[in-house]
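Comments concern the structure below.
Numbering starts at 1 and runs along the sequence shown.
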Amino acid sequence: MLSLIKLPRVFTINQVPKVFHEDSIISGYRHPRSSATDCILSLFQLTNETVNIWTHFVPTWYFLWKLGTVVLMQTAWTDSFTWPLVIHLLSCCIYPLASTCAHTFSSMSVRARHICFFFDYGALSFYSLGSAITYSAYIFPDKWVNGFFHWCYIPIAVFNTIICTSLACYSRLGLPILQYNHETIKRIPKCQSPRFSKFLRVVAFAYPYLFDNIPLFYRVFLCVGEGCTDNDTNMLHYNHIALAFLTGFLFATHLPERLAPGSFDYIGHSHQLFHVCAILGTHFQIKAIEQDMVTRRPWLLEHSIPVTFTDTVGAALLCVVLSLAIIFIYSLPLLSAPVCQEKRSELSAGRNFASLERNFEIVKRRCVSAAECSETPTMQRPGKWKTPRRPGPKKALNIEKDPVGVYCRIRPLGAVDEECCIEMISSSTIQLHAPNGLKANRNGEYKEMQYTFKKVFGIQTTQLELFEDVAKPLIEDLINCKNGLLFTYGVTGSGKTFTMTGSPGEGGLLPRSLDMLFNSIGPFQAKRFVFKPDEKNGMEIQGQVDALLERQKRESQQSVPKTPSSRQKADPEFADMINSEEARKSENVDEDCCYSVFVSYIEIYNNYIYDLLDDAPFDPVRSKPPQSKILREDQNHNMYVAGCTEVEVKSTEEAFEVFWKGQKKRRVANTQLNRESSRSHSVFTIKLAQAPLDADGDHILQDKSQVNVSQLCLVDLAGSERTNRTKAEGSRLREAGTINQSLMTLRTCMEVLRENQMCGTNKMVPYRDSKVTHLFKNYFDGEGKVRMIVCVNPKADDYEETILVMRFAEMTQEVEVARPVDRPICGLGAGRRHRNQAFKEELSRRLEERGGPCDADDPVMLDQLIESFPPLPPCELMDPTDDQTLPRLIEVLERRRQIRQMMTRQFDKTASTLKSLLQQFDSQLNAKETILHNQQTKLSEKDKILINQKTELERLEKKSKTLEYKIDILQKTTEMYEQDKRSLQQELETREQRLQRELSERRRMEQRMQGVVVDTKLKWEKECERRVNAKQLEMQNKLWVKDEKLKQLKAIVTESSSGSGASTERPERPSRERDRNLAQKRSASPSPHPDFRQTSSQQNQENFRADQDPYSSAYPSVASCISKWEQRFPVDSSRQAKQPRTPQCRNQAPAPCHNTSSVGRRRGQRWAPGTVAPSMTLVNGLDLEAGTRTALPAHPMHRRSHSAGGEKWVDHKPSSNLDLDTVMQPIIPNAIKVSTPNEKALSKCHKYVLRHQELASDGEIETKLIKGNVFKTRSGGQAVQFTDIETLKQQSTAAPSRKRRSVSPDGPDQIEDIENRVPVASTSSSYGYQKRRKP
């Protein structure tokens, strides 16, 4: 139910008088002249008083329930001991109820506000007295009971109540009569409160509480020992005291809202917290009083002062009477204020209406007796007065608002093959497509935007269809005394001027509006100069005589331009603008009014206003530029152009001529975008003045308050343009800047209006920044209906400008303008003009029947009527004794009187008959009107049903369009996702294929590596087995040698001891061929290649031993003896046969495959230069003395360096490498030397080597040659796969020896460790380097 009630509007602090202001409360104020109904409705609306009201209204019912409980259940009427509690509960009910009423009705007026709070202060004082009465009866400590202060407590409390009520009332306005009375009551909204008013009010509330609580403070805080009444009730008293002090603190400081003004306007400000704390404190106070009354009752009945009627009810009644008297005294000047101006104006209006009716009767009698007059009656010249536009009724708080009506019209394209960027989807929606070549959005698609209007007119729309939907309702409102504003908006060349003006055969909105206006009010127009502008945006009304004199004066003055006559031939350019078939007429014209049309035509050029109808005198010598006009505000706060020419027109052709006269003066220029581009904003104003006819329906009512002036402004805004397209320069550039600035100001005003309406803000609208917005600010503030036609050009060149226009139109539709209200004209009966015409027709018919003229207003008829009377005799008295002239004159006059009486009786009879006929006609007309009204009611109901159905259809259409648009978006999104899916699938397939290839390559690599591992494993197993066998053989050989030596030594010793004649020949060592064959047979590894250097090596070793051992010939060694012994005792042939065949290298000549340096290096030894390496005893390829092989082991990974081949290398030598200054340097032919590898160098070569230097563990620099193959990648780049590492290490002579010198019996002084000797050059490696290969 409440949803159907329109709640009153709330205001801010700047919109209400100062007397209604609250400290630090910014918004949430109610109307300062609210009615009682609005005040009650505000209980259900969130204002700054709503919570204040409810926080006291709800507890009132709780306290009433407590009071009813005490009165009904505790027999309060018979038990006097409970009377103080009843008085206290009654005061607890009164003060929240009075506060609720005061806060509810305080916004009715200023006087009501003061009076309401006077009662609120009185209720609070009465509450303090109720507390004092209960404290005297139940709370006093035992020590003070029945003491002097106890006896004086109640009278002092009554006195305090009266004083505090007076002080609180004084704090609002001061002393009555002395500081304010009925003469100064008019200035109440601006009256200043007395000095220290806030302090006095706080004292008025705090002092009674402090005095009343003196016994309680002493009992709770100061009393010690016996008689202090220390019981469980004290905790409740503590709560009550704490809440009371919190209440006073909030009331005095206004702390929450002062800390954050505006944040606690509706909920949480200090007054609301003050109410809540006060109610809670009262609740604890009541509980404490009830508990003390119950627990202390026996003791108090025996020792305390008896409770009497005087101390309880009597004191309360006395306080109530005195408080009411004080409130009456303070309110009397407010109640005795004179009647407000509004009531006086209503009374004066009633008196004027009564006098007006009397004047109507007099005029009627004069018209009846006009036929009897012997002379033509002379009309009195009424006085002149100014008749400004009648102010409308006072705006209600809940003003119905309508959004600005925005329409869109699409101009046809100039060429058939021109690209179009606008598509009309429905009758209210258009869609913009980005033209080709425009930058796409981030999804790669062109963004399509839709805009909705009240109605969209396509390229096939005619001017008549546009007029029917847009301008025709504004003309009807103009006739019904409502203002209107219609303006066209768009970029340059979009068809705004054509829409407003039109062309021959296709009249625009302006000529069609004029045509409809004159077709509607043509028969009811007043004569010229009956209405006269007063140059202050108002109208003066003149009588018929003054209007006739004004017409004659204007015709006689040649300097004043004549108003174009409607009988003159119209301009041929506008003659055929509107066909007769397209003429429109309004049926809602009040026939009992007279109308007059005034037009004015101005332009706003460079933010200056010029009158296009101003006829400035032409000076052929020195021409003066036109003078600009200024804007002013009339008495109704409406803006108008001061000094603007307003021409009264009586026909459409005449109005066309006036318009064409101003159109020729309008500033138009040629630009690259428009051949006739408007360089200014033009405003054509149609002002309609109307006034009701008098009661007889014959003349205009001479009452300025009944004159209504309405106007319709047709605005053709200049188009926005970009200078980079128009190529404007000079004055054209300045004009374009001014036009764009004014349109930007209009946009800013719309944005601020929308923000104020949607967000509830109160920002200032910058109307004054431009003459256009300043002139029409009243329309946007609620003085009329506003409609806008957005003209767009669908060509692709205007796409970006069209988007800006669409955004402005979309924003403008959200601005709401107050709906204009109907203005009643007068209280006279309807049909006055019709009755007057019927009367004249009947009179003419009667006169025709008598042979008189048919026109009652014709002077000839009056002359004939006068001639029908008996002629007057000569009236000249020549002789004083003439007694014939006067009797004859008396006789003629007497006959004339009889004729006049007869005519009067006949006229009365005819009038009564006509009156009865008119009554019959009225009754029939009323019956027909009743039937018509019923039919109209049914039609309106059906119209409502149709409108609802149409609205539902439109809603469903919009919904379907929205869903279609969403479906399109979803389809496009789906297609985009499908494309992404396909691309991802292709990429996934590509990656899967690549992965499969990599997996297959990996499998092949694994298989190849597994084969290599197996081969290597088998090879190393055989090598290990071979080495183990060789080691075993070596140990067996050593053991055998030792055994043989012992045997030989034993044989020698035995032979030497057996006889001296023995031969001195040394025994030869037996051949070791058998052992070698046995070793070869035991070895599982393949036999090494034949070593052709072994014989020469052995020979060299023997020579070396021979040179080094000069005493070997003199003293035979053990070895020589063993060899001789073997020669003497050869090995068994059976064992010989078991040995394998000796390798061929032993029987072949030595070949220079390896020199002694190579053999020595394999054994870790080197020989001094110039010396011959000693020969070594080899058994099956093993050195029996050193236990090492002399043949090179087979190395499957051994190969010659790639750098020695014919491939092209990239020699990467970092700039940080050090130059070692060695003799033997790695030299790589066909190499490109670089310090930093690049793609260009890598693309030209197949091999890559990196020279890397690092510090070895012994402190020397170690150089590594890291080699690799260069191959191309799939992406077109170059990559290197490393395959080999060579390590080059330089040795120093100063390095300490890590091996002990090997001692040989053949040459101990000549053999050194290779690490302790100076490096010797050889053909196998560079100078001073060792070469190792890593896999």
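A salt bridge links Glu468 to Lys472: one of the charged nitrogens lies within less than 4.0 Å of a carboxylate oxygen. The residues Asp402 and Lys785 are annotated as not salt-bridged, no charged nitrogen and carboxylate oxygen being separated by less than 4.0 angstrom. Of the charged side-chain nitrogens involved, at least one lies within less than 4.0 Å of a carboxylate oxygen, so that Lys455 and Asp469 count as a salt-bridged pair. Ion pairing of Glu814 with Arg754 is present here, as a side-chain N (NZ or NE/NH1/NH2) and a carboxylate O approach within less than 4.0 Å. Ion pairing between Lys665 and Glu603 fails under the 4.0 Å rule for side-chain N and carboxylate O. Using a 4.0 Å cut-off between charged side-chain N and carboxylate O, Lys795 and Glu419 make no salt bridge.
Both the sub-6.0 Å distance and the 45° axial angle are not jointly satisfied by Arg807 relative to the ring of Tyr451. Taking the ring centre of Phe529 as origin, the terminal cationic atom of Arg551 falls outside the region bounded by 6.0 Å and 45° from the ring axis.
Taking the six-membered ring wherever Trp is involved, the centroid distance between the rings of Phe684 and Tyr601 falls below 6.0 Å.
Here Tyr767 contributes atom OH and Cys749 contributes atom SG; the two are 6.5 Å apart, rounded to the nearest 0.5 Å.
Using modelled atom types, one finds no donor on one side chain facing an acceptor on the other under 3.5 Å when comparing Arg632 with Tyr640.
The shortest non-hydrogen separation linking Gln463 to Arg409 is OE1-NH1, 2.8 Å.
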